[in-house]
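Contents: one structure, followed by commentary.
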Number of protein chains: 2
Amino acid sequence: MPVDAMSDTARAVQLFHALSDETRVGIIEMLESGERCVCDLQDTLNAAQSRLSFHLRVLKDAGIVTDRREGRWSYYELNRDAFDEAESILKELRPRARRTTARGDVCCG
Amino acid sequence: MPVDAMSDTARAVQLFHALSDETRVGIIEMLESGERCVCDLQDTLNAAQSRLSFHLRVLKDAGIVTDRREGRWSYYELNRDAFDEAESILKELRPRARRTTARGDVCCG
DNA sequence: AAACTAAATCAACGATTATTGATATGTCAA
DNA sequence: TTGACATATCAATAATCGTTGATTTAGTTT
(Lines give C-alpha, C1' and ligand atoms only; values in the text may rest on other atoms or scores of the structure.)
Protein backbone atom coordinates (compact mmCIF):
# COMPACT_ATOMS: atom_id res chain seq x y z
CA MET A 1 0.00 0.00 0.00
CA PRO A 2 1.28 3.49 -0.74
CA VAL A 3 2.17 5.48 2.36
CA ASP A 4 -0.45 8.16 1.76
CA ALA A 5 -3.34 5.70 1.44
CA MET A 6 -2.82 4.36 4.93
CA SER A 7 -4.58 4.86 8.24
CA ASP A 8 -2.61 6.64 10.94
CA THR A 9 -2.22 3.43 12.87
CA ALA A 10 -1.11 1.46 9.83
CA ARG A 11 1.43 4.15 9.06
CA ALA A 12 2.73 4.10 12.63
CA VAL A 13 3.07 0.35 12.43
CA GLN A 14 4.92 0.56 9.13
CA LEU A 15 7.36 3.18 10.39
CA PHE A 16 8.11 1.46 13.65
CA HIS A 17 8.37 -1.91 11.98
CA ALA A 18 11.00 -0.54 9.65
CA LEU A 19 12.93 0.67 12.68
CA SER A 20 12.70 -2.61 14.56
CA ASP A 21 15.52 -4.62 13.07
CA GLU A 22 19.23 -4.60 13.96
CA THR A 23 20.43 -4.57 10.38
CA ARG A 24 18.15 -1.71 9.47
CA VAL A 25 19.18 0.33 12.48
CA GLY A 26 22.77 -0.36 11.42
CA ILE A 27 22.01 0.99 7.97
CA ILE A 28 20.40 4.09 9.42
CA GLU A 29 23.41 4.70 11.64
CA MET A 30 25.67 4.52 8.62
CA LEU A 31 23.50 6.99 6.75
CA GLU A 32 23.32 9.45 9.64
CA SER A 33 26.33 11.33 8.35
CA GLY A 34 25.12 11.38 4.77
CA GLU A 35 24.50 9.51 1.60
CA ARG A 36 26.20 6.15 0.92
CA CYS A 37 26.35 3.73 -1.96
CA VAL A 38 25.09 0.21 -1.47
CA CYS A 39 28.52 -1.36 -1.83
CA ASP A 40 29.83 0.76 1.05
CA LEU A 41 26.99 -0.39 3.26
CA GLN A 42 27.62 -3.95 2.22
CA ASP A 43 31.29 -3.86 3.17
CA THR A 44 30.79 -2.13 6.46
CA LEU A 45 27.75 -4.03 7.61
CA ASN A 46 29.08 -7.29 6.36
CA ALA A 47 25.77 -8.26 4.87
CA ALA A 48 25.12 -10.31 1.78
CA GLN A 49 24.00 -8.28 -1.20
CA SER A 50 20.45 -9.55 -1.42
CA ARG A 51 20.00 -9.26 2.32
CA LEU A 52 21.01 -5.63 2.27
CA SER A 53 18.82 -4.99 -0.72
CA PHE A 54 15.87 -6.47 1.15
CA HIS A 55 16.37 -4.21 4.14
CA LEU A 56 16.93 -1.15 2.01
CA ARG A 57 13.61 -1.84 0.37
CA VAL A 58 11.82 -2.05 3.70
CA LEU A 59 13.34 1.30 4.65
CA LYS A 60 12.47 2.79 1.28
CA ASP A 61 8.88 1.53 1.34
CA ALA A 62 8.50 3.12 4.75
CA GLY A 63 9.87 6.39 3.40
CA ILE A 64 12.84 6.35 5.76
CA VAL A 65 15.36 6.46 2.95
CA THR A 66 15.41 7.69 -0.60
CA ASP A 67 17.66 6.39 -3.33
CA ARG A 68 19.17 7.71 -6.50
CA ARG A 69 21.00 5.84 -9.18
CA GLU A 70 24.21 7.10 -10.66
CA GLY A 71 25.72 4.91 -13.31
CA ARG A 72 25.83 1.44 -11.93
CA TRP A 73 25.71 2.56 -8.33
CA SER A 74 22.79 3.29 -6.08
CA TYR A 75 23.05 5.82 -3.32
CA TYR A 76 20.79 5.87 -0.30
CA GLU A 77 20.08 8.76 1.99
CA LEU A 78 17.97 9.29 5.08
CA ASN A 79 14.74 11.20 4.69
CA ARG A 80 14.27 13.77 7.46
CA ASP A 81 10.52 13.88 6.91
CA ALA A 82 10.14 10.29 8.05
CA PHE A 83 11.92 11.10 11.28
CA ASP A 84 9.71 14.12 11.85
CA GLU A 85 6.73 11.93 11.21
CA ALA A 86 7.87 9.22 13.60
CA GLU A 87 8.52 11.82 16.25
CA SER A 88 5.11 13.35 15.87
CA ILE A 89 3.44 9.94 16.00
CA LEU A 90 5.34 9.22 19.19
CA LYS A 91 4.13 12.49 20.65
CA GLU A 92 0.56 11.56 19.84
CA LEU A 93 0.89 8.17 21.52
CA ARG A 94 2.43 9.66 24.63
CA PRO A 95 0.32 9.67 27.82
CA ARG A 96 -1.64 12.86 28.45
CA ALA A 97 -3.17 12.90 31.89
CA ARG A 98 -1.67 11.60 35.11
CA ARG A 99 -4.37 9.15 36.07
CA THR A 100 -8.07 8.89 35.43
CA THR A 101 -9.05 5.72 37.26
CA ALA A 102 -9.34 6.49 40.92
CA ARG A 103 -8.07 3.68 43.12
CA GLY A 104 -10.93 1.62 44.41
CA ASP A 105 -13.01 2.13 41.29
CA VAL A 106 -14.81 -0.90 40.06
CA CYS A 107 -14.56 -2.13 36.51
CA CYS A 108 -15.93 -5.13 34.61
CA GLY A 109 -19.25 -4.12 36.12
CA MET B 1 16.88 -10.08 28.45
CA PRO B 2 16.34 -7.32 30.99
CA VAL B 3 16.07 -3.88 29.43
CA ASP B 4 19.15 -2.53 31.19
CA ALA B 5 21.44 -5.33 30.01
CA MET B 6 20.89 -4.51 26.37
CA SER B 7 22.93 -2.73 23.71
CA ASP B 8 21.55 0.56 22.46
CA THR B 9 20.63 -1.00 19.16
CA ALA B 10 18.96 -3.99 20.78
CA ARG B 11 16.98 -1.64 22.97
CA ALA B 12 15.93 0.47 19.99
CA VAL B 13 14.80 -2.67 18.22
CA GLN B 14 12.82 -3.84 21.25
CA LEU B 15 11.07 -0.51 21.70
CA PHE B 16 10.18 -0.07 18.06
CA HIS B 17 9.13 -3.65 17.72
CA ALA B 18 6.71 -3.20 20.58
CA LEU B 19 5.27 -0.20 18.76
CA SER B 20 4.94 -1.97 15.43
CA ASP B 21 1.67 -3.82 15.80
CA GLU B 22 -1.88 -2.56 15.24
CA THR B 23 -3.28 -4.17 18.35
CA ARG B 24 -0.53 -2.74 20.52
CA VAL B 25 -0.91 0.73 19.06
CA GLY B 26 -4.61 0.37 19.78
CA ILE B 27 -3.84 -0.48 23.38
CA ILE B 28 -1.53 2.51 23.69
CA GLU B 29 -4.18 4.81 22.26
CA MET B 30 -6.65 3.58 24.85
CA LEU B 31 -4.14 4.18 27.63
CA GLU B 32 -3.24 7.69 26.46
CA SER B 33 -5.86 9.20 28.67
CA GLY B 34 -4.94 7.13 31.68
CA GLU B 35 -4.97 3.79 33.36
CA ARG B 36 -7.37 1.05 32.26
CA CYS B 37 -8.23 -2.42 33.42
CA VAL B 38 -7.72 -5.34 31.08
CA CYS B 39 -11.41 -6.07 30.72
CA ASP B 40 -12.03 -2.54 29.45
CA LEU B 41 -9.33 -2.97 26.85
CA GLN B 42 -10.77 -6.32 25.90
CA ASP B 43 -14.25 -4.96 25.31
CA THR B 44 -13.16 -1.92 23.39
CA LEU B 45 -10.47 -3.55 21.27
CA ASN B 46 -12.52 -6.63 20.66
CA ALA B 47 -9.61 -8.92 21.28
CA ALA B 48 -9.63 -12.39 22.77
CA GLN B 49 -8.39 -12.50 26.33
CA SER B 50 -5.17 -14.41 25.74
CA ARG B 51 -4.36 -12.35 22.72
CA LEU B 52 -4.64 -9.14 24.68
CA SER B 53 -2.62 -10.63 27.48
CA PHE B 54 0.11 -11.52 25.00
CA HIS B 55 0.32 -7.99 23.63
CA LEU B 56 0.23 -6.43 27.07
CA ARG B 57 3.21 -8.56 27.96
CA VAL B 58 5.17 -7.39 24.92
CA LEU B 59 4.44 -3.80 25.92
CA LYS B 60 5.36 -4.49 29.52
CA ASP B 61 8.61 -6.27 28.64
CA ALA B 62 9.56 -3.27 26.54
CA GLY B 63 8.80 -0.98 29.46
CA ILE B 64 6.06 0.85 27.60
CA VAL B 65 3.42 0.02 30.17
CA THR B 66 3.36 -0.82 33.84
CA ASP B 67 0.70 -2.83 35.59
CA ARG B 68 -0.78 -3.08 39.03
CA ARG B 69 -3.14 -5.63 40.39
CA GLU B 70 -6.13 -4.69 42.47
CA GLY B 71 -8.25 -7.56 43.62
CA ARG B 72 -8.97 -9.63 40.61
CA TRP B 73 -8.37 -6.85 38.17
CA SER B 74 -5.19 -5.71 36.51
CA TYR B 75 -4.69 -2.12 35.53
CA TYR B 76 -2.26 -1.00 32.88
CA GLU B 77 -0.79 2.43 32.43
CA LEU B 78 1.62 4.02 29.98
CA ASN B 79 5.14 4.71 31.15
CA ARG B 80 6.33 8.17 30.11
CA ASP B 81 9.98 7.19 30.41
CA ALA B 82 9.70 4.73 27.56
CA PHE B 83 8.32 7.47 25.33
CA ASP B 84 11.15 9.77 26.30
CA GLU B 85 13.56 7.01 25.53
CA ALA B 86 12.03 6.27 22.13
CA GLU B 87 12.10 9.95 21.29
CA SER B 88 15.73 10.28 22.21
CA ILE B 89 16.67 7.19 20.21
CA LEU B 90 14.83 8.64 17.26
CA LYS B 91 16.78 11.87 17.62
CA GLU B 92 20.04 9.97 17.61
CA LEU B 93 19.12 8.14 14.41
CA ARG B 94 18.11 11.30 12.64
CA PRO B 95 20.33 12.53 9.78
CA ARG B 96 22.96 15.10 10.74
CA ALA B 97 24.68 16.57 7.72
CA ARG B 98 23.11 17.51 4.42
CA ARG B 99 25.27 15.44 2.11
CA THR B 100 28.79 14.07 2.26
CA THR B 101 29.12 12.24 -1.01
CA ALA B 102 29.73 14.78 -3.74
CA ARG B 103 27.99 13.93 -6.99
CA GLY B 104 30.38 12.29 -9.38
CA ASP B 105 32.37 10.62 -6.62
CA VAL B 106 33.38 7.07 -7.28
CA CYS B 107 32.71 4.21 -4.92
CA CYS B 108 33.29 0.48 -5.03
CA GLY B 109 36.81 1.41 -6.10
C1' DA C 1 28.66 -7.35 -29.42
C1' DA C 2 30.71 -9.85 -25.24
C1' DA C 3 32.26 -9.79 -20.73
C1' DC C 4 31.81 -7.54 -16.43
C1' DT C 5 29.79 -5.09 -12.53
C1' DA C 6 26.21 -3.20 -9.10
C1' DA C 7 21.98 -3.83 -7.54
C1' DA C 8 17.08 -5.65 -7.58
C1' DT C 9 14.07 -9.45 -7.50
C1' DC C 10 12.58 -14.17 -6.82
C1' DA C 11 11.76 -18.72 -4.80
C1' DA C 12 12.77 -21.77 -1.13
C1' DC C 13 13.71 -22.29 3.40
C1' DG C 14 14.27 -21.16 8.33
C1' DA C 15 13.18 -18.24 12.21
C1' DT C 16 10.30 -15.34 14.69
C1' DT C 17 5.88 -13.58 15.97
C1' DA C 18 0.87 -13.71 16.50
C1' DT C 19 -3.44 -16.25 17.27
C1' DT C 20 -6.25 -19.75 19.33
C1' DG C 21 -8.11 -22.78 22.63
C1' DA C 22 -7.04 -25.09 26.92
C1' DT C 23 -5.39 -24.97 31.42
C1' DA C 24 -3.54 -22.77 35.64
C1' DT C 25 -3.60 -19.19 39.32
C1' DG C 26 -5.43 -16.13 42.31
C1' DT C 27 -9.57 -13.55 44.02
C1' DC C 28 -14.12 -12.76 45.22
C1' DA C 29 -19.04 -13.99 46.34
C1' DA C 30 -22.66 -17.15 47.65
C1' DT D 1 -15.92 -24.34 50.37
C1' DT D 2 -17.82 -24.26 46.12
C1' DG D 3 -18.53 -21.82 42.05
C1' DA D 4 -17.76 -17.89 39.19
C1' DC D 5 -14.60 -14.55 37.48
C1' DA D 6 -10.23 -11.95 35.79
C1' DT D 7 -6.04 -12.66 34.09
C1' DA D 8 -1.76 -15.16 32.96
C1' DT D 9 0.52 -18.88 30.84
C1' DC D 10 1.09 -22.78 27.77
C1' DA D 11 1.11 -25.73 23.62
C1' DA D 12 -0.19 -26.06 18.94
C1' DT D 13 -0.89 -23.81 14.77
C1' DA D 14 -0.92 -20.01 11.47
C1' DA D 15 1.06 -16.01 9.60
C1' DT D 16 4.75 -12.93 8.89
C1' DC D 17 9.46 -11.79 8.35
C1' DG D 18 14.42 -12.50 7.29
C1' DT D 19 18.08 -15.16 4.96
C1' DT D 20 20.19 -17.49 1.19
C1' DG D 21 21.55 -18.54 -3.35
C1' DA D 22 20.12 -18.08 -8.10
C1' DT D 23 18.49 -15.22 -11.66
C1' DT D 24 17.43 -10.80 -13.81
C1' DT D 25 18.08 -6.05 -15.05
C1' DA D 26 20.84 -2.12 -16.16
C1' DG D 27 24.74 0.13 -17.02
C1' DT D 28 29.85 0.04 -18.13
C1' DT D 29 34.09 -1.36 -20.35
C1' DT D 30 36.71 -3.62 -23.87
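All values below were derived from every heavy atom in this structure, side-chain atoms included, with hydrogens, water molecules and symmetry-related copies excluded. Numbers restart at 1 for each chain; the letters A, B, ... are given by sequence-line order, proteins then strands.
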Rounded off to whole Å, could you give me the [atom1]-to-[atom2] distance for the [X] and [N] pair?
X       : N      : atom1 : atom2 : result
B:Trp73 : C:dT25 : CH2   : C1'   : 17 Å
A:Glu22 : C:dT16 : CD    : P     : 12 Å
A:Arg72 : C:dT5  : CZ    : P     : 8 Å
A:Leu45 : D:dG18 : CG    : C1'   : 15 Å
A:Leu59 : D:dC17 : CG    : C1'   : 14 Å
B:Asp61 : C:dT17 : CG    : P     : 12 Å
B:Arg36 : D:dT7  : CZ    : C1'   : 18 Å
B:His55 : C:dA18 : NE2   : P     : 6 Å

> Looking at residues at least two apart in the chain, or sitting in another chain, which of them share a side-chain hydrogen bond (donor to acceptor under 3.5 Å, both in side chains) with B:Asp67?
Replying inline: B:Lys60
> Should B:Glu85 and B:Arg11 count as an ion pair when the cut-off is N to O under 4.0 Å?
Replying inline: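 Between B:Arg11 and B:Glu85 there is a salt bridge, with a charged N closer than 4.0 Å to a carboxylate O.
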> Using 4.0 Å as the upper bound for N to carboxylate O, is an ion pair formed by B:Arg94 and A:Asp84?
Replying inline: yes
[N] phosphate, OP1 or OP2, under 4.0 Å from [X] side-chain N/O:
X       : N     : answer
A:Arg57 : C:dT9 : yes
B:Tyr76 : D:dA6 : no
B:Arg69 : D:dA8 : no

>> Please list, in numerical order, the residues of residues 46-54 of chain A that have a heavy atom closer than 4.0 Å to any atom of DNA chain C.
In response: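 Contacting residues: A:Gln49, A:Ser50, A:Ser53.
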> Above 12 or not: heavy atoms from other molecules or residues under 6.0 Å from CG of A:Asp61?
Replying inline: yes
>> On a heavy-atom basis, which atom in B:Leu59 and which in B:Ala18 lie closest, and how many Å separate them?
In response: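 Closest pair (atom of B:Leu59, atom of B:Ala18, distance): CD2-O, 3.8 Å.
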> Which pair of non-hydrogen atoms, one from A:Leu90 and one from B:Glu87, has the smallest distance, and what is that distance?
Replying inline: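 Closest pair (atom of A:Leu90, atom of B:Glu87, distance): CD1-N, 3.7 Å.
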> Does B:Arg68 make a cation-pi contact with B:Tyr75, if we ask for NZ or CZ under 6.0 Å from the ring centre and within 45° of the axis?
Replying inline: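 Satisfied, under 6.0 Å and within 45°.
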